[in-house]
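Report on the structure given below.
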Protein chains: 2
Amino acid sequence: MLKLDELDLKLLGLLQADSKKTTKEYAHRLGLSTTAVYERIKRLEKNNVIDKYVALVNKKAVNKSFLVLCHVKLVQHIKEFVLQFERQVQQLEEVTECFHISGDYDYILKINVSDMEAYRDFMVTKLTAIANIGSTQSSFVINEVKNTTAISL
Amino acid sequence: MLKLDELDLKLLGLLQADSKKTTKEYAHRLGLSTTAVYERIKRLEKNNVIDKYVALVNKKAVNKSFLVLCHVKLVQHIKEFVLQFERQVQQLEEVTECFHISGDYDYILKINVSDMEAYRDFMVTKLTAIANIGSTQSSFVINEVKNTTAISL
DNA sequence: TTTGAAATTAGGTGCTA
DNA sequence: TAGCACCTAATTTCAAA
């Protein structure tokens, strides 16, 4: 595990907020030269502290702003069925997140679609078509209070 | 609302997967010239189809891989209290997502911390310190089946 | 196609183990 | 004195027009 100093953490904070600034800009904020920053970034990339760089798209602009959190319970918890469920969920394009969780329900899924009709269609033809699903409970998102990809360091 | 054609959607797909490729690379994949791609990207940025570019960090590498989904119920739903709760949650660095949802619980929060002890500390000193919280229910993430920032277009 | 700016590389200094 | 993190300066590549 790579050891990160204070400057690395600050740099990661800046990169998580905006990865398209110039090295010069980060250097300025950190009080370092561009080369020093450049080398730190390369080190963070090589050691997989930085997974990747991505564009975040505006869900409204692409008409995918209807968000649903769906709790799922399986019928049986035989390894084979569990793995099959997980494999199939990964393939569903509407599902952006899926977590196996403790508690009453087995999984919670985050689903991005255009509207209620699209959600209904997703449920009927895709999700509940997966074998071994016991019950589901859909929670519709009324408001996104907070939604960030940045981890506080 | 900007109209997006097939090439825009493909380009957004590529940018959501990896925003650090060269324009030439995207051009090659789309069968366009670099200039055409460059102008499309600028258009997507200007029209806020692309919100921003960020680095995604590896949670394990920064010791924040203990993930909890916490359901929260408020005592009262008076506007003033609701807004206060939302404002305070936004300030909590451990909370990366917070959605106001339909159903039994009012909110669901995604919390990134280092371990159970840090979570306990978060609950005791931060979350339940917020006024007007009725009850909470924590679901610990056993496995991340899927977790992507890319919206399927 | 051209130009300017930014990324990247090269070479060298000083600190610390 | 070996290794590391840093610097400045030179070079290459790319975005931008």
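Side chains are part of it too, since the values below use all heavy atoms of this structure and drop only hydrogens, waters and symmetry mates.
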Counting primed atoms plus P, OP1 and OP2 as sugar-phosphate and everything else as base, spell out the protein contacts along nucleotides 12-17 of chain C at 4.0 Å heavy-atom distance: B, S or - for each nucleotide, 5' to 3'. ------
Contact letters for nucleotides 2-17 of chain D, in which S counts primed atoms plus P, OP1 and OP2 and B counts the base, heavy atoms under 4.0 Å: ---SBBBB----SSSS
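The existence of a salt bridge linking A:Glu45 and A:Lys52 is excluded, since no basic side-chain nitrogen approaches an acidic carboxylate oxygen closer than 4.0 Å. Using a cut-off of 4.0 Å between Lys/Arg side-chain N and Asp/Glu carboxylate O, A:Asp8 and A:Lys3 are scored as not salt-bridged. Electrostatic pairing of A:Glu25 and A:Arg29 counts as a salt bridge here, judged by a charged N lying under 4.0 Å from a carboxylate O. Between B:Lys10 and B:Glu6 no salt bridge is recorded (no basic side-chain N to carboxylate O distance below 4.0 Å).
Summary of helix geometry: the two end axes of the helix from C:dT1-D:dA17 to C:dA17-D:dT1, each defined by five base pairs via their C1' atoms, are inclined to each other by 20° (rounded to 10°).
For B:Phe85, the ring pair (Phe, Tyr, Trp, His ring centres under 6.0 Å) partners are B:Tyr107, not counting sequence neighbours.
Taking 4.5 Å as the limit, every side-chain heavy atom of B:Ile50 sits out of range of all side-chain heavy atoms of A:Asn58.
Under the 3.5 Å distance criterion, the side-chain polar atoms of B:Gln90 are matched with a main-chain donor or acceptor of A:Val145. With A:Gln16 contributing its side chain and A:Ile151 its backbone, the two residues share a donor-acceptor pair below 3.5 Å.
Listed by first then second residue, pairs satisfying side-chain hydrogen bond (donor to acceptor under 3.5 Å, both in side chains) with a partner in residues 118-133 of chain A read A:Glu94-A:Lys126, A:Tyr119-A:Ser138, not counting sequence neighbours.
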Name the atoms and distances for all side-chain donor-acceptor pairs under 3.5 Å in residues 60-74 of chain A, with sequence neighbours left out.
unit_1  : atom_1 : unit_2   : atom_2 : d
A:Lys64 : NZ     : B:Ser152 : O      : 3.0
A:His71 : NE2    : B:His71  : NE2    : 3.0

